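Quick caveat: nothing in here was measured; it's all calculated off a predicted structure. When reading the values below, keep in mind they use all heavy atoms of this one structure, side chains included, and skip hydrogens, waters and symmetry mates.
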Number of protein chains: 2
Amino acid sequence: MARSASSQPTEVELQILRILWQSGGSTAREVHNALAAAEAKETNYSTTVKMLAVMLEKGLVKRDESASPQIFSAATSQKATQRRMLGDLIDKVYDGSALSLVLQALSSRKATAGELTEVRRMLDELEKLRQPRPDHE
Amino acid sequence: MARSASSQPTEVELQILRILWQSGGSTAREVHNALAAAEAKETNYSTTVKMLAVMLEKGLVKRDESASPQIFSAATSQKATQRRMLGDLIDKVYDGSALSLVLQALSSRKATAGELTEVRRMLDELEKLRQPRPDHE
DNA sequence: TTGACGTAGCGAATTCTTTCGCTACACTCA
DNA sequence: TGAGTGTAGCGAAAGAATTCGCTACGTCAA
């Protein structure tokens, strides 16, 4: 039976997901090579295949079996995964305060002027959105 | 020998750290109670003690043995841990782009007007800081 | 056909985290 | 003093994630 994908993807799973997000879809061999290239990871090819099998069982990846060799791709978008993991971090490490996370992200990593401008633009947009509906559940 | 604290604190370790950050220092019993209160965690008291021992070995917590009962406290500040974990998330899930994390944090969790103002203030400050030293490593 | 090479998959070993049972020791108070 | 209560610690079980060895099967070229 498929294991539940209850919690966050693990370390290695995340590495694989990143590869798949970037490529859009890869064979096991391609994933393995990318993995080896990215990290100093010197794992066996069958380890990669096993990880893909586990992830398939968990529902983290999809597989096109009609293709040969089979093509794996991420089951969830990068955005959705980011959102989930971000929310998790906020809850667990920032006591639920998105604000303090944002402030820390802004201050700790030095942003370029262009990036700051971008953030301002986002702020403007958010405040525009607030006007029409001053209060909603 | 002390295990290396190479990677991130694990799930339970983080829960314990949160308790210690909040209290500033607690006995094993206090940690255990807080743990039980926070989660529906119904773990044995000796499990908590063991976790503290493991975390001590990893260097995640400090212990005042002169006190009785002993007092445990976090070895690293919440801020420092936040910074490390945030950096980690940015690297691993946001391809190193702090900007896109910030934008997503702002857009996905609806912020209050006050919070948005706060972010603006931070932006102002950051841009002020940029002026005097237009470029530095 | 058959040998070389690559993909696919299973089961089990290894490693790390989380859990607990059991023991020892200190302290208190009737 | 000694029964009761609580802290401290050890070693090992249970669980989860990661790794690999070995086998089966397809394809392709000599």
Measure from the side-chain heavy atoms of A:Thr43 and tell me the nearest of C:dC20, D:dT18, D:dT19.
D:dT19
Expressed as a whole number of angstroms, how long is the span from B:Leu60:CG to C:dC16:P?
15 Å
By the ring pair (Phe, Tyr, Trp, His ring centres under 6.0 Å) test, which pairs, at least two apart or in different chains, include something from residues 58-81 of chain A?
none
Measure the distance from CD on A:Glu11 to C1' on C:dT17 and round it to the nearest whole Å.
15 Å
Rounding to a whole Å, what distance do you find between B:Leu17:CG and C:dT17:P?
14 Å
For A:Asp64, all residues meeting side-chain hydrogen bond (donor to acceptor under 3.5 Å, both in side chains), sequence neighbours excluded:
A:Ser66
Would you mind writing out the side-chain donor-acceptor pairs for residues 45-52 of chain B within the sub-3.5 Å range, not counting sequence neighbours?
unit_1	atom_1	unit_2	atom_2	d
B:Ser46	OG	B:Asn44	OD1	3.4
B:Thr48	OG1	B:His32	ND1	2.7

I'd like to know if the side chain of B:Glu13 and the backbone of B:Thr10 have a donor-acceptor N/O pair within less than 3.5 Å.
yes
Heavy atoms only, 4.0 Å cut-off, all strands: where does A:Thr47 land among base, sugar-phosphate and nothing?
base
The complete set of ring pair (Phe, Tyr, Trp, His ring centres under 6.0 Å) pairs with one or both residues in residues 74-94 of chain B, sequence neighbours excluded, reads none
A:Asn44 CG to D:dC22 C1', in whole Å, measures 11 Å
With sequence neighbours left out, write down each residue that passes side-chain hydrogen bond (donor to acceptor under 3.5 Å, both in side chains) with A:Glu42, or none if nothing qualifies.
none
Under a 4.0 Å heavy-atom criterion, the protein footprint on nucleotides 8-15 of chain C, written with B, S and -, is SB-BB---
